[in-house]
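Following: one structure in structure tokens, then a few remarks.
The sequence lines fix the lettering, A, B, ..., with proteins before strands; numbering per chain opens at 1.
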There are 2 protein chains.
Amino acid sequence: MVHAPGEEERVTHVDEAALERLRTRLQTYMVEKGLRSTAQRRLIIDTFFEGAPHMTIEELLQQVRGVDRGIGYATVYRTLKLLAECGVASERRFGDGLSRYELADDASSHHDHLICLSCGKIIEFEEPQIEALQDAIAEKYGFLVTSHKHEMYGECADCQRTKKSAASEGADGMRDGA
Amino acid sequence: MVHAPGEEERVTHVDEAALERLRTRLQTYMVEKGLRSTAQRRLIIDTFFEGAPHMTIEELLQQVRGVDRGIGYATVYRTLKLLAECGVASERRFGDGLSRYELADDASSHHDHLICLSCGKIIEFEEPQIEALQDAIAEKYGFLVTSHKHEMYGECADCQRTKKSAASEGADGMRDGA
DNA sequence: GTAACTGCAAAATCTTTGCAGTTCA
DNA sequence: TGAACTGCAAAGATTTTGCAGTTAC
């Protein structure tokens, strides 16, 4: 769980029932398509379900390699692609060039992101009024929305604080530095 | 201008005064940093300022090569990076793995995007109420927002219509074809 | 038994960088 | 003149793919 230390933890209370639903969906999909359950897949999938909310491929790989040293990039890529295909996971990119995956919105509720460009922290938020306005806009354009992405980039409270105290350390009793 | 044919064209009325401001900002930045104005840069920059709203690097390169066959990828990349550095352009990624650039928000007004996954069309929209809600959320988390991204993915009105008529063609007496 | 899966390494993309020659100021 | 710029090609980074061997069903 990578959440803002001082912040109350919003939104990421994963709903157990929804998690079960996702696992069932995956199960069904795999049976339908004649896909197999291998040790590697189980490990990757479990790690993904239980791990931090916005893991990169790299992070996930490192984590599964902690259990099974021999797992390769390709298997992780292929497995996450499988999860995305059946709607259990969504791929997200936050502009740092890395792909991250998160559980589909059924499990954690509908949410969007605040991303700190200083420390990389990702905070989730939820705002029903924004969702409502979005729907209105889509309707106005006759657009059928299947997914959306709403991200705000900037500096989190902690980093602002750190920067400010670093600045005042620099000299003496002066005020805020630019 | 890549806009929905039937749609009223929103937002992309570029404000000439703002455009001038951006050119001035660029000019100032280049002088400050001791950067030079070369024929290639001028061509790329003009093409970018006058071209379609969300060009990819590839598209921009093709367009400038129409004028000067010898321009290389690296120069386009470097020039757009320069524009982004001085706040004249912003890089955007819409999930197809390509970088696109658009003029900074000073020129066209604050806006966000509807992206059609069927035909790739990008529609811009503007919704002050959403901006206001965003600000409220950022404040709640003590977050200092420097930029944001709000995208809705789905199927545009045209593509829905096309798909529907394709479906009814399959059967009997259908109506309008796209 | 066989079709799906795995790991590896090679390939494919997109973007950045190093270099030698060119050009703006 | 000389630092900045350009084009090319090589290098990087991330993701995908081909293949030969392995394994689930």
Quiz prompt | Positional range of nucleotides in DNA chain D within the contact set of chain B, heavy-atom, under 4.0 Å | solution =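 It runs dG2(D) to dC8(D).
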All N/O donor-acceptor pairs, side-chain side in residues 55-68 of chain B, below 3.5 Å, sequence neighbours left out:
residue	atom	partner	partner atom	Å
Thr56(B)	OG1	Glu59(B)	N	3.1
Glu58(B)	OE1	Tyr73(B)	OH	2.6
Glu58(B)	OE2	Gln62(B)	NE2	2.9
Glu58(B)	OE2	Tyr73(B)	OH	3.4
Glu59(B)	OE1	Thr56(B)	N	3.0
Arg65(B)	NE	Ile71(B)	O	2.7
Arg65(B)	NH2	Ile71(B)	O	2.8
Asp68(B)	OD1	Gly70(B)	N	3.0

Which residues share a side chain to side chain contact (heavy atoms under 4.5 Å, CB included) with [X], sequence neighbours left out:
X         : answer
Ile137(A) : Tyr141(A), Leu114(B), Phe125(B), Glu127(B), Ile130(B), Met152(B)
Ala132(B) : none
Asp135(A) : none

Practice problem: Please name all residues satisfying ring pair (Phe, Tyr, Trp, His ring centres under 6.0 Å) with His113(A), sequence neighbours left out, ordered by chain then number. | Solution: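 Once residues adjacent in sequence are excluded, the partners of His113(A) under the ring pair (Phe, Tyr, Trp, His ring centres under 6.0 Å) criterion are His54(A), Phe94(A), His111(A).
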Quiz prompt | Residue pair Leu103(A) / Leu19(A), side-chain heavy-atom distance below 4.5 Å | solution =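 Yes, side chains in contact.
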Quiz item: Taking for each residue the nucleotide of DNA chain D with the nearest heavy atom, is it Gln40(B) or Ser37(A) whose nucleotide lies nearer the 5' end?
Solution: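 The 5'-side residue here is Gln40(B).
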Quiz item: Hey, which of these two, Ala74(B) or Leu35(B), hits DNA chain D nearer its 5' end, going by closest nucleotide?
Solution: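 Result of the comparison: Leu35(B).
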Exercise. Give one of base, sugar-phosphate or nothing for Arg78(A), where a contact means two heavy atoms less than 4.0 Å apart.
Key: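 The residue Arg78(A) makes base contact.
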Quiz item: Under 3.5 Å, is there a donor-acceptor pair linking the side chains of Asp112(A) and His150(B)?
Solution: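 Note: Asp112(A) and His150(B) side chains miss the donor-acceptor criterion.
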Quiz item: How long is the line joining CZ of Arg41(B) and C1' of dT22(C), in whole Å?
Solution: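 About 14 Å, once rounded to whole Å.
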Practice problem: Starting from C1' on dT16(C), measure out to CD on Glu85(B) and report it in whole angstrom. | Solution: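 After rounding, the reported distance stands at 14 Å.
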Practice problem: Taking side chain to side chain donor-acceptor pair (under 3.5 Å) as the test, write out the residues that go with Tyr77(A), two or more places apart. | Solution: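 Result, side chain to side chain donor-acceptor pair (under 3.5 Å) vs Tyr77(A): none returned.
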Quiz item: What pairs with Glu155(B) under salt bridge (charged side-chain N to carboxylate O under 4.0 Å, His left out), at least two apart in sequence or on another chain?
Solution: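 Here the qualifying residues are Lys163(B).
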Exercise. Can you tell me which residue pairs pass the side-chain hydrogen bond (donor to acceptor under 3.5 Å, both in side chains) test with a partner in residues 78-91 of chain A, sequence neighbours excluded?
Key: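 Output for this query lists Tyr29(A)-Glu85(A), Glu91(A)-Arg93(A), Glu91(A)-Ser99(A).
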Quiz prompt | side-chain hydrogen bond (donor to acceptor under 3.5 Å, both in side chains) partners of residues 34-44 of chain A, not counting sequence neighbours, each pair once | solution =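 Sorted pair list: Ser37(A)-Arg42(A).
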Polar atom pairs between nucleotides 12-15 of chain C and protein, under 3.5 Å, N or O only, would you list them?
residue	atom	partner	partner atom	Å
dT15(C)	OP1	Ser99(B)	N	3.3
dT15(C)	OP1	Ser99(B)	OG	2.4
dT15(C)	OP2	Tyr77(B)	OH	2.4
dT15(C)	O5'	Tyr77(B)	OH	3.1

Practice problem: Starting from the first five and the last five pairs of the helix from dG1(C)-dC25(D) to dA25(C)-dT1(D), work out the angle between the resulting helix axes, to 10 degrees. | Solution: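 Computed angle between terminal axes is 30°.
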Quiz item: If you find the nucleotide of DNA chain C closest to Lys81(B) and the one closest to Arg36(B), which residue's nucleotide is nearer the 5' end?
Solution: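 Comparing both residues, the 5'-ward one is Lys81(B).
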